[in-house]
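Notes for the one structure printed next.
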Amino acid sequence: MPELPEVETVRRTLVDKITGCQIKNVDIKLPRLIKWPSAHEFKALITGRTIITLARHGKYLLLYLDNEMIVVIHLRMTGRLYYVSTADLTDQFSRIVFELSNGDHLLYADTRTLGTLYAMRPDELWRISGLASLGPEPLSPEFTKEYLAGILHKSKGKIKALLLNQKVVAGLGNIYVDEALAIAGLHPERTANSLNRAEAERLYSAINQVIADGIAHGGTTFRDYRDGAGKSGSHQNHLRVYGRKDLHCYQCGAQIVKKEVAGRGTHFCPHCQR
DNA sequence: ACAGGAACCTGATAGC
DNA sequence: TGCTATCAGGTTCCTG
């Protein structure tokens with residue numbers, strides 16, 4: 001479900017509400033979601049601690065506590081993290097409930113239960129391989145045209161697969177990759193090293209643009225995604241190709257194609273993207 | 001290096 | 001109406 005713009009929106013809509021709150025208790029309804037340490041230790045480590053801040057790296061959320069511990073959360077496909085004010089705990093997919101000392105709750109809900117949670121000190125974060133190996137973030141100083149061009153040049157795989165790789169760029173997922181390729185006018189099955197300089201620069205700009213737009217619109221809600229206040233995003237109203245199979249391309253009128261590429265449902269305009 | 005498939009899960013929806 | 005197949009915003013692991 002959530003890609004960088006969705007996870008960042010969750011962070012922004014949550015950080016001010018929970019900073020300074022003490023975690024009075026943790027109700028772990030589904031212990032197997034806790035990947036490190038044991039669910040029992042997880043609960044002991046964070047109960048009674050105060051939340052310092054909420055950060056994000058790629059698609060990971062990092063909840064900093066006042067005892068040097070960091071609760072790391074990955075929402076995977078259907079995870080949702082949101083603030084519930086009046087003990088309104090009616091979510092049927094509620095999996096982990098953080099009870100706050102002010103009487104409110106920070107709720108982790110997850111339909112497919114693929115999400116993962118950890119509690120670690122900063123020097124233990126290397127254990128989360130996906131977090132430790134993240135590439136640069138779009139819109140960051142580390143993500144430069146030269147960096148992307150260099151990666152493209154030495155990669156022989158399909159451009160779609162490359163962009164889904166979190167080691168290459170942190171935070172892109174299936175929706176935003178399709179959208180970035182649409183904006184750049186590039187076919188998802190192009191080999192990465194076949195892009196010329198101008199195409200690489202178009203792709204670079206498209207990635208930054210689509211991520212910035214996604215954040216500005218509060219993320220894309222197709223089904224499950226909600227922000228930290230339980231609200232939907234609106235970027236689904238701005239998508240060019242994703243979810244538009246057989247509909248007409250806004251630019252040329254051709255029918256949008258959906259095809260499996262790199263193991264994922266992939267949408268593109270066969271006329272505009274080459 | 002890379003491709004493809006399976007695995008981890010549950011539920012909505014499309015099709016018959 | 002009801003049953004079945006397919007698909008889903010992600011990541012990791014295994015095989016070829």
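The side chain of A:Met77 sits closest to C:dA8 out of C:dT11, C:dA8, B:dG11. Among the nucleotides C:dG10, C:dA8, C:dT12, the one closest to any side-chain atom of A:Tyr242 is C:dA8.
Heavy-atom minimum distance, A:Tyr225 versus A:Gly233: CE2-N, 4.1 Å. Taking every heavy atom of both residues into account, A:Ile70 and A:Pro122 meet most closely at CD1-CG, 3.9 Å. What you find for A:Leu45 and A:Arg49 is that their closest heavy atoms are O-CG, 3.4 Å.
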ring-ring contact (aromatic ring centres under 6.0 Å, His included) for A:Tyr147 and A:Tyr204? Distances and angles first, verdict last. CA-CA 10 Å; A:Tyr147 167 79; A:Tyr204 173 80; 9.5 Å; no
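Heavy atoms of A:Thr116 sit nowhere under 4.0 angstrom from any nucleic acid atom. Among the protein residues, A:Tyr176 comes within range of no part of the nucleic acid, since none of its heavy atoms lies under 4.0 Å from any strand. Within 4.0 Å of A:Lys258, counting heavy atoms only, lie sugar-phosphate atoms of the nucleic acid but no base atom. Among the heavy atoms of the strands lying under 4.0 Å from A:Gly157 are primed sugar atoms or P, OP1, OP2 only; no base atom is included.
Summarising the geometry, the separation between CZ on A:Arg112 and P on B:dT13 is reported as 15 Å, rounded to the nearest angstrom. When the P atom of C:dA8 is taken as reference, atom CD of A:Glu3 falls 13 Å away, rounded to whole Å. Regarding A:Ile34, its CD1 atom lies at a distance of 16 Å from the C1' atom of B:dC8, rounded to whole Å. What separates CG of A:Leu134 from P of C:dG10 is a distance of 14 Å, to the nearest Å. The separation between A:Phe93 atom CZ and B:dC9 atom C1' is 12 Å, rounded to whole Å. In this structure, CD of A:Glu6 is placed 9 Å from P of C:dG10, rounded to the nearest angstrom. A:Asp224 has its CG atom 18 Å from the P atom of B:dC9, to the nearest Å. When rounded to the nearest whole Å, the span between NZ of A:Lys35 and P of B:dC8 equals 11 Å.
Residues A:Lys158 and A:Arg32 both approach DNA chain B. Their nearest nucleotides, taken by heavy-atom distance, put A:Lys158 toward the 5′ side. Ranked by how close their nearest DNA chain B nucleotide is to the 5' end, A:Lys156 and A:Thr113 are led by A:Lys156.
Close to C:dT11, at under 4.0 Å from its OP1 or OP2, lies a side-chain N or O of A:Gln166. Taking only side-chain nitrogens and oxygens, A:Thr78 never comes nearer than 4.0 Å to OP1 or OP2 of B:dC9. For the pair A:His74 and C:dG10, the criterion of a side-chain N or O lying under 4.0 Å from OP1 or OP2 is not met.
Judged by Watson-Crick or G-U wobble contacts below 3.5 Å, the nucleotide B:dC9 has no partner.
Across B:dC8 and C:dC3, the matching P atoms stand 27 Å from one another, rounded to whole Å.
A salt bridge does not link A:Arg76 with A:Glu3: none of the charged nitrogens is closer than 4.0 Å to a carboxylate oxygen.
Classified by interplanar angle (parallel below 30°, tilted 30° to 60°, perpendicular above 60°), the ring pair A:His235/A:His238 is parallel.
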